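Pasting a structure below so you can have a look.
The model shown is predicted, which means the values in this text are computed figures rather than measured ones.
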Amino acid sequence: MAMSVATELQSSICEPRSVLGPGGNRVRVSEGPKHKYEGLKKPPQRPRKEIPESVVRKNVSVDSSCSSDTSSTGSSPKTASPRRTVRHKSLRPAKLVSNDVVKPDGPPKRCEWITAYSDPHYISFHDEEWGVPVYDDKKLFELLVLSQSLAELSWPEILTKRDIFRNLFDNFDPSSIATFDEKKLLSLKVNGIPILSQQKLRAIVDNAIQVVKIQQEVGSFSKYCWSFVNQKAINNGVRYGRQVPVKSPKAEVISKDLMKRGFRCVGPTVVYSFMQVAGIVNDHLVTCFRHKVCDANTKMDLKLDIEKSKDLPK
């Protein structure tokens, strides 16, 4: 019994002690088995194949690592970048086009001095009358009177009062206006105010008298006016408003002849404005939709005059 106790004591004394770890003499927990996936190795990557050049040209997306594989540097293969789809413009679906004719929106292109804020009377005057050839004596005399009135009124103001002008001046009949006396002149008022200055009113009466004389001499006031341009309107074909003149050498010639005959207030500027509105000169801008219309009207009128001259007996 004593011997067995001694033997146990000797065995316990001879047993080596465990070495202290970094955490002291604490008993270390035996490491258990590792995670079942931790010890697994990654499968070897398959060698990438070189993509033929023909496939690259067809816009097939290629991993960014392909270029490094084909190089001679021998660098380790890189992780493949995500694929990107390259879209070609030619592969987009075509838009369906309707066969219906689409009309442009907005108002037609006019001369640049006509804007969206212009007076409606002025716009209508531009679209329907200004630049259209006129051959009627009464209408020509009316346009001459209105052109003279520009020294005191603007076109929108004149056009607003146009019916009043026609009422006071007997629809611009030259033979009727030529008989106006002093009392009649003093009655040409609107709400107690003369429609024009006394100088302009007397000039209108004197000019009516001279128009009657021209009718007796030449046959018509229209024939007299159009004789200065050989019965054919002048087409200036200007592109910008700054190119439109306020007078011309032809207007100066007509002005001198009119004043020589006894007309008053018919300077070159007034005469040129009269030529524009009467269609003797076409000053619509070439970008204006009325330019071609007025030019076509002039050619048609000239063609009719030629046909009439052929029908006359020789």
Original post:
Got a second to check how far Ser149's OG is from Ile195's CD1, nearest 0.5 Å?
Top reply: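 These two atoms lie 7.5 Å from each other.
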Original post:
Of Tyr122, Tyr240, Trp130, which meets ring pair (Phe, Tyr, Trp, His ring centres under 6.0 Å) against Trp113?
Top reply: Trp130
**OP:** Inspect the contact between Glu182 and Arg202 and indicate whether a charged nitrogen and a carboxylate oxygen are less than 4.0 angstrom apart.
**Re:**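 So Arg202 pairs with Glu182 through a salt bridge.
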**OP:** Check side chain to side chain contact (heavy atoms under 4.5 Å, CB included) between Leu150 and all other residues, then give those that pass, not counting sequence neighbours.
**Re:**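 Residues passing side chain to side chain contact (heavy atoms under 4.5 Å, CB included) with Leu150: Trp155, Ile158, Ser273.
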Subject >> All side-chain hydrogen bond (donor to acceptor under 3.5 Å, both in side chains) counterparts of Glu128, not counting sequence neighbours >> reply: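 By the side-chain hydrogen bond (donor to acceptor under 3.5 Å, both in side chains) rule, Glu128 matches no residue at all.
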Original post:
Which residue pairs pass the ring pair (Phe, Tyr, Trp, His ring centres under 6.0 Å) test with at least one member in residues 256-277, sequence neighbours excluded?
Top reply: none
Original post:
Under the ring pair (Phe, Tyr, Trp, His ring centres under 6.0 Å) rule, what pairs show up with a residue in residues 168-199, not counting sequence neighbours?
Top reply: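 Every ring pair (Phe, Tyr, Trp, His ring centres under 6.0 Å) pair that includes a residue of residues 168-199, provided the two are not neighbours, is Phe169-Phe172.
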Original post:
Atom CD of Gln199 and atom CZ of Arg264: how far apart are they, to the nearest 0.5 Å?
Top reply: 6.5 Å
Subject >> Those residues that, when tested against Phe165, pass ring pair (Phe, Tyr, Trp, His ring centres under 6.0 Å) (two or more places apart) >> reply: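 Checked Phe165 against ring pair (Phe, Tyr, Trp, His ring centres under 6.0 Å); zero matches.
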Original post:
Do Asn282 and His291 have side-chain heavy atoms sitting under 4.5 Å apart?
Top reply: yes
**OP:** Can you run down the ring pair (Phe, Tyr, Trp, His ring centres under 6.0 Å) pairs that involve residues 190-223, sequence neighbours left out, and say none if there aren't any?
**Re:** none
Original post:
Do NZ/NE/NH1/NH2 and the carboxylate oxygens of Lys161 and Glu152 come within less than 4.0 Å?
Top reply: no
Subject >> Atom pair SG/CD of Cys265 and Gln148 - distance to nearest 0.5 Å >> reply: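 Rounded to the nearest 0.5 Å, the SG-CD separation comes to 6.0 Å.
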Original post:
Going from NZ on Lys247 to CD1 on Ile254, what distance comes out if it is rounded to the nearest 0.5 angstrom?
Top reply: 14.5 Å
Subject >> Point-to-point distance, once rounded to the nearest 0.5 Å, from CZ of Arg162 to CG of Asn167 >> reply: 14.5 Å
Subject >> Arg110: which of Thr115, Asp127, Thr287 passes side chain to side chain donor-acceptor pair (under 3.5 Å) >> reply: Asp127
